[in-house]
Amino acid sequence: MVGFNMDGPARDRVMKLIQEKDRIESMIRDQNLILEANNVGMQDSLVDADGFPRNDIDVYKVRHARHQIICLQNDHKKIMKEIEKGLGEVHADFLGSSGASSSTPHQPTYTNGLSSTNGTHSHSQSFAKVGPVQEGSPADLAGLCEDDELLQFGSVNHSNFTDITQIHSIVVHSVGQAIQVRVQRQHNVVNLNVVPRPWGRPGLLGCQIQRLS
């Protein structure tokens, strides 16, 4: 768990929200394991060619897992919005307690339990862009958003990036392991941990990553 450099009720609320977010993500992973055990995803048919329930899977468990995943994903979206709002309150409290102006650059903010910085790092430049992110995917759970611009993906940054296959290689060789990712999101730089893994649909991330034109 990340340590905030500030205290107070707003910070305590955010920490509790982050703990709840982690719990929801764990529950989503558990339900996805049920789907993986039955070798089905969220969209696969549960009936055979004759319209009867498939006898090669536990239809009841799969239906229940799908319903739980949908409900948990909605809960996850809601709590992420609450965390974002809470982080704004923490940041405002920090500025107020330090006597700093809200326009002062490079004040710390936090997202998804990890630190980020307003503005851009002087030595960072984006090299790729995140395309559509599928709901419930590892990318979605990590907090990646469509149109995020990659500043760093594991060991890859603007200075050593040559081809998008570098990203694919890191993903394939990091299944089940956290990859440190830094993105530019509008006026913020956000640090995230992305864990590639099978999740019931094609791909290990559940998002497209495109080279900047």
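Everything numeric here is computed off the predicted structure, so don't read it as measured data.
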Participant: Identify all side-chain donor-acceptor contacts of residues 30-39 below 3.5 Å with residues at least two apart in sequence or on another chain.
Facilitator:
{"from": "Asn32", "atom 1": "ND2", "to": "Ile28", "atom 2": "O", "distance (Å)": "3.3"}
{"from": "Asn38", "atom 1": "OD1", "to": "Asp58", "atom 2": "N", "distance (Å)": "2.9"}
{"from": "Asn38", "atom 1": "ND2", "to": "Ile34", "atom 2": "O", "distance (Å)": "2.9"}

Participant: Has Arg63 got more than 12 heavy atoms of other residues, nucleotides or ligands less than 6.0 Å from its CZ?
Facilitator: no

Participant: Testing the basics here: between Leu144 and Val194, what is the closest heavy-atom pair and its distance to 0.1 Å?
Facilitator: CD1-CG2, 4.0 Å

Participant: Taking all non-hydrogen atoms of both residues into account, name the closest pair between Asn160 and Val156 and its distance.
Facilitator: OD1-CA, 3.4 Å

Participant: Can you pull the salt bridge (charged side-chain N to carboxylate O under 4.0 Å, His left out) pairs that have at least one residue in residues 66-79, sequence neighbours excluded?
Facilitator: Lys77-Glu135

Participant: Side-chain contact test, heavy atoms from C-beta onward, threshold under 4.5 Å: evaluate it for Leu151 versus Val183 and give yes or no.
Facilitator: no

Participant: Over all heavy atoms of both residues, which pair between His158 and Phe127 is shortest? Give the atoms and the distance, please.
Facilitator: N-CD2, 3.6 Å

Participant: Decide side-chain contact (heavy atoms from CB on, under 4.5 Å) for Phe153 and Ile209; before the verdict, give the C-alpha distance in whole Å, the side-chain angles of both, and the deciding distance to 0.1 Å.
Facilitator: CA-CA 11 Å; Phe153 193 96; Ile209 297 180; 4.0 Å; yes

Participant: Could you give me the CA-CA distance, side-chain angles and deciding distance for Ser126 and Leu212, then say whether side-chain contact (heavy atoms from CB on, under 4.5 Å) is met?
Facilitator: CA-CA 8 Å; Ser126 56; Leu212 286 177; 3.4 Å; yes

Participant: I need the Ile18 CD1 to Glu82 CD distance, nearest 0.5 Å.
Facilitator: 12.5 Å

Participant: About how many Å separate OG of Ser137 and CG of Leu205, when rounded to the nearest 0.5 Å?
Facilitator: 7.5 Å

Participant: Looking at Gln208 and Gln210, what are the two nearest heavy atoms and their distance?
Facilitator: OE1-NE2, 3.2 Å

Participant: Measure from the side-chain N and O atoms of Gln19 to the backbone N and O of Lys21, and report whether any donor-acceptor pair falls under 3.5 Å.
Facilitator: no

Participant: Rounded at 0.5 Å granularity, tell me how far CE in Met42 sits from CH2 in Trp199.
Facilitator: 9.5 Å

Participant: Please report the shortest heavy-atom distance between Ser45 and Arg54, naming the atom on each side.
Facilitator: O-NH1, 2.9 Å

Participant: Kindly give the heavy-atom pair with the smallest separation between Ile164 and Ala128, and that separation in Å.
Facilitator: CD1-CB, 4.3 Å

Participant: For the CD atom of Gln73 and the CD1 atom of Ile69, what is their distance to the nearest 0.5 Å?
Facilitator: 6.5 Å

Participant: For residues Ile170 and Val133: do they belong to one hydrophobic cluster (side chain heavy atoms under 4.5 Å, members Ile, Leu, Val, Met, Phe, Trp, Tyr)?
Facilitator: yes

Participant: Quick one: OG on Ser174 to CG on Leu204, what's the gap to the nearest 0.5 Å?
Facilitator: 10.0 Å

Participant: Between Val189 and Arg182, does the side-chain contact (heavy atoms from CB on, under 4.5 Å) criterion hold? Intermediate values first, please.
Facilitator: CA-CA 7 Å; Val189 173; Arg182 178 182 294 125; 3.4 Å; yes

Participant: Does any N or O in the side chain of Asp48 come within less than 3.5 Å of the main-chain N or O of Asp50, such that one atom is a donor and the other an acceptor?
Facilitator: yes

Participant: Any salt bridge (charged side-chain N to carboxylate O under 4.0 Å, His left out) pairs touching residues 141-161, not counting sequence neighbours?
Facilitator: Lys129-Asp147, Asp148-Arg185

Participant: Any heavy-atom pair between the side chains of Val172 and Pro196 that's under 4.5 Å?
Facilitator: no

Participant: Decide yes or no on salt bridge (charged side-chain N to carboxylate O under 4.0 Å, His left out) for Lys16 and Glu20, but give the supporting numbers first.
Facilitator: CA-CA 6 Å; Lys16 289 180 180 179; Glu20 177 64 12; over 6 Å; no

Participant: Check step by step if side-chain contact (heavy atoms from CB on, under 4.5 Å) holds for Ile179 and Val195.
Facilitator: CA-CA 6 Å; Ile179 302 172; Val195 182; over 6 Å; no

Participant: About how many Å separate CG of Leu141 and CG of Asn193, when rounded to the nearest 0.5 Å?
Facilitator: 13.0 Å

